[in-house]
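Working notes, beginning with the structure itself.
Every chain is numbered from 1, with letters handed out A, B, ... down the list of sequences. Values reported hereafter were calculated over all heavy atoms of this structure, with side chains retained and with hydrogens, waters and symmetry mates removed.
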There are 2 protein chains.
Amino acid sequence: MNALFAPAIALISAAEAHADPVTLVVLHLALILVAAKIGGEAATRVGQPAVLGELLAGVALGNVGFFGAGGLEAMKTDPALDMLSRLGVLVLLFEVGLESTVREMLRVGPSALLVAVLGVAAPFALGWGVGVLLVPAAGPYVHAFLGAALSATSVGITARVLQDLGRSQTPEARIILGAAVIDDVLGLVILAVVSGVIAAAGQGGALSAWSVGAIVGKATLFLAGSLAIGVALSPPVFRLGARLRTRGVLLAMGLAFCFFLSWLAGAVGLAPIVGAFAAGLILEDVHYREFVDRGEHGLEELVKPIGAFLVPIFFVLMGMRTDLRSFGDPKVLGLAAALTLAAILGKQLCAAGVLGPGLDRLTVGIGMVPRGEVGLIFASIGLSLQLEGRPLLAPATYSAIVMVVLVTTLVTPPALRWSLGRRLARHH
Amino acid sequence: MNALFAPAIALISAAEAHADPVTLVVLHLALILVAAKIGGEAATRVGQPAVLGELLAGVALGNVGFFGAGGLEAMKTDPALDMLSRLGVLVLLFEVGLESTVREMLRVGPSALLVAVLGVAAPFALGWGVGVLLVPAAGPYVHAFLGAALSATSVGITARVLQDLGRSQTPEARIILGAAVIDDVLGLVILAVVSGVIAAAGQGGALSAWSVGAIVGKATLFLAGSLAIGVALSPPVFRLGARLRTRGVLLAMGLAFCFFLSWLAGAVGLAPIVGAFAAGLILEDVHYREFVDRGEHGLEELVKPIGAFLVPIFFVLMGMRTDLRSFGDPKVLGLAAALTLAAILGKQLCAAGVLGPGLDRLTVGIGMVPRGEVGLIFASIGLSLQLEGRPLLAPATYSAIVMVVLVTTLVTPPALRWSLGRRLARHH
């Protein structure tokens, strides 16, 4: 129906031939879903988490041009697919949040805070050091930027691996997820400071300490406020919703709550996924018991198919955007190898922040390793920052950061699986 | 994670402040979901289908500016919401298709074909007549265009009403849905001919009869071919899929199939929803019995939450795009009233095409009434067509077509509910 007559118009004006934008999007979606399942199946068969297969399927799809075939370049930048993948990662973090409660998160709070601070400080120092050693001529701004890029944490990969392996409800998982949320705030501050200093140096201005404080304040206020208000308000609101007669109220309320907090997080300057995760934490089974009591599915059950549709889009697309050609340059490879080592070691140090006995520190350290698209955002900001009329980052430095992101992202699923398996083997 | 550092960038460059496009989209989504449920609940409480409430909630949201409040204009044209709503109507038709089988549809085939032909011919003639009587000076091209605009059928509303009332599996429902699919093909041909003739008259060219034949041929080939090949191939393909060990295979395969046929329909020049509906018809419970046997949910059960998320976006947005101000002009109102009458009466005549005893002809006639966004597409094409250097349609004529769409769309849910209820009352 929509643009039903597009082809008829095309008889008249070729420019309007693609009047229904959904046509190409659904072909791409079909391709992504099939690739995700083939990749996921292959990974599962060799004992790896399905998400690794989805990433690699994306890498294959995104580099068919590299292998000599036609290429699917348009998919990498298609705004509709990009939007669906962003919704996908929100739904993923909402799902993961639903598996825990605020109370359980607060229990691991001190550990998570310490892990987050160490997990930002150690890679920052190591990244700076690698810069000083390997690209001394680039100057202190680039060195600081390399440190900042390594301090980021991308929680999506780890959240999916923990979900794939059915381990999202362990204390280690909560520490990683809590630390990743705090990391979002710290990363924000670091990036604000580093790029503010660079921009100020380039333009002769000065960075306001007040604006840095404002970011930290808003972020803290959001987290404490949304959790407190959400925990207090959601039971009566959902009880009210349970009185409605129209169908699908529980899912609509749950999604609306997730989307609202995602927006709120974005509005105060946090990553939207922080809001989605907080929404999941706040909602508990007891809030919607009345729906389940009358025979409806629970919220987790209802969100699962939406996640099964949207989440693979995120990971396949992330794989597709990986450019294998950057592996070809030996100059890039040296810097990338050193930075990757710094990135992985730096996050291992943060495991020292895990408080309490009997917890698996290695798993926490590995879970913090992936930089994912957060690192890519850092890299692209580095390209856009100007210093003395030139881009801050040289192309080789940019490629090296992209490779760090790639390697840390691809290495985490098997490493996390191994470390969790090792732990299980010891216990049984 | 995504654009985590957007606000930090904003410290430097205000132009990049909204770096994460998902932030505003999720706020709009939360608003749409809440509005849809409030509207749906209100409609359900007064005994109407929920979709009427969703439409009216959209009308209210879209016209708050008209009522003096701030206005949410950006939502009406947001490409992300538009894309999600297009995916929503695909999922809706897929869901509706899943409730029937190819065999059941073929059984009502002759009726559906006759209803479709009459349902295009009668409104076309009546619309032409109204044009000759009320806007004689506009000339034969405008008269033909009015007829063409009235011949369209929008199946989305009727499909939702039938679903809301649990009546999608009746013979009447199948006749309406089958006829609507055939109408898509016929409407395509009519629009191609009418706008081809107008464009040819405007530019001194000539319309090729061959190109009209090609549209009809491709459409027929798609329908017959996809149904035949789909019915033959889907059992072995789904049996193969059932052997995979990774999770979510059934949903991914079902959606990929739906999206692939939607693309194929669009590629041969049909509406993508025709493909989605065909995909739903082809897939039957027996194809995925192996998944259900091992404890997974059936496909209908899995698609339902995705529909519950995406489908309301389509209807709320359709309501939002309704401009209440067009009701203010008495000159527009006269033409609109006559055209609306022609539109409704014309579709009642098509009920004569229902073959066989004991079928509810009134319900079929009412089910064909809504013009929905198909009529809007016609209207906008009318604005874009040029005749002697001026737009084919005068603004008042355009507004009148928009009002026909609005009235036929809003009138159908309660009318259909009444006609189905009347029938039930007679039977019991």
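- Looking only at side-chain heavy atoms (C-beta outward), A:L264 and B:L27 stay at 4.5 Å or farther from each other.
- Per-residue counts of heavy-atom pairs under 4.5 Å with chain A were compared for B:L33, B:V303, B:T44, B:L31; the largest is that of B:L33.
- Across all non-hydrogen atoms, the minimal contact from A:A256 to B:V34 is CB-CG2, 3.8 Å.
- Under the salt bridge (Lys or Arg N to Asp or Glu O under 4.0 Å) criterion, A:D82 pairs with A:R86, A:R321, sequence neighbours left out.
- For A:L261, no part lies near chain B; criterion is any non-hydrogen pair under 4.5 Å.
- For the atom pair CD1 of B:I306 and CG of A:L302, the computed distance is 11.5 Å after rounding to the nearest 0.5 Å.
- Counting all heavy atoms, side chain and backbone alike, B:P305 lies closest to A:L251 at O-CD2, 3.4 Å.
- Heavy atoms closer than 4.5 Å to chain B are found in the backbone of A:A267, but not in its side chain.
- Using a 4.5 Å heavy-atom threshold, the side chains of B:L87 and A:V22 count as touching.
- Contact tally against chain B (heavy-atom pairs below 4.5 Å) for A:V26, A:V25, A:D164, A:L29: the top residue is A:V26.
- With a 4.5 Å cut-off on non-hydrogen atoms, A:H297 touches chain B through its side chain but not through its backbone.
- With sequence neighbours left out, the ring pair (Phe, Tyr, Trp, His ring centres under 6.0 Å) criterion links A:F260 to A:W263.
- Contact of A:A50 with chain B is made through the side chain alone, with heavy-atom distances under 4.5 Å.
- Taking chain A as the reference chain and counting heavy-atom pairs below 4.5 Å, the highest number among B:C258, B:G248, B:S262 is found for B:G248.
- Taking the centre of each ring, A:F309 and B:F309 stay at or above the 6.0 Å mark.
- In this structure, chain A has a heavy atom under 4.5 Å from the side chain of B:L310, while its backbone stays farther away.
- Annotation: the span from B:I32 atom CD1 to A:L255 atom CG amounts to 12.5 Å, rounded to 0.5 Å.
- Within the structure, the salt bridge (Lys or Arg N to Asp or Glu O under 4.0 Å) test picks out no pair touching residues 251-263 of chain A (sequence neighbours left out).
- For residues 35-42 of chain B, a heavy-atom distance under 4.5 Å to chain A picks out B:K37, B:G40, B:E41, given by residue number.
- Residue contact with chain B, scored on non-hydrogen atoms closer than 4.5 Å, involves the backbone and the side chain of A:V249 alike.
- Looking at A:L84, the atoms closer than 4.5 Å to chain B (heavy atoms on both sides) all sit in the side chain, from C-beta outward.
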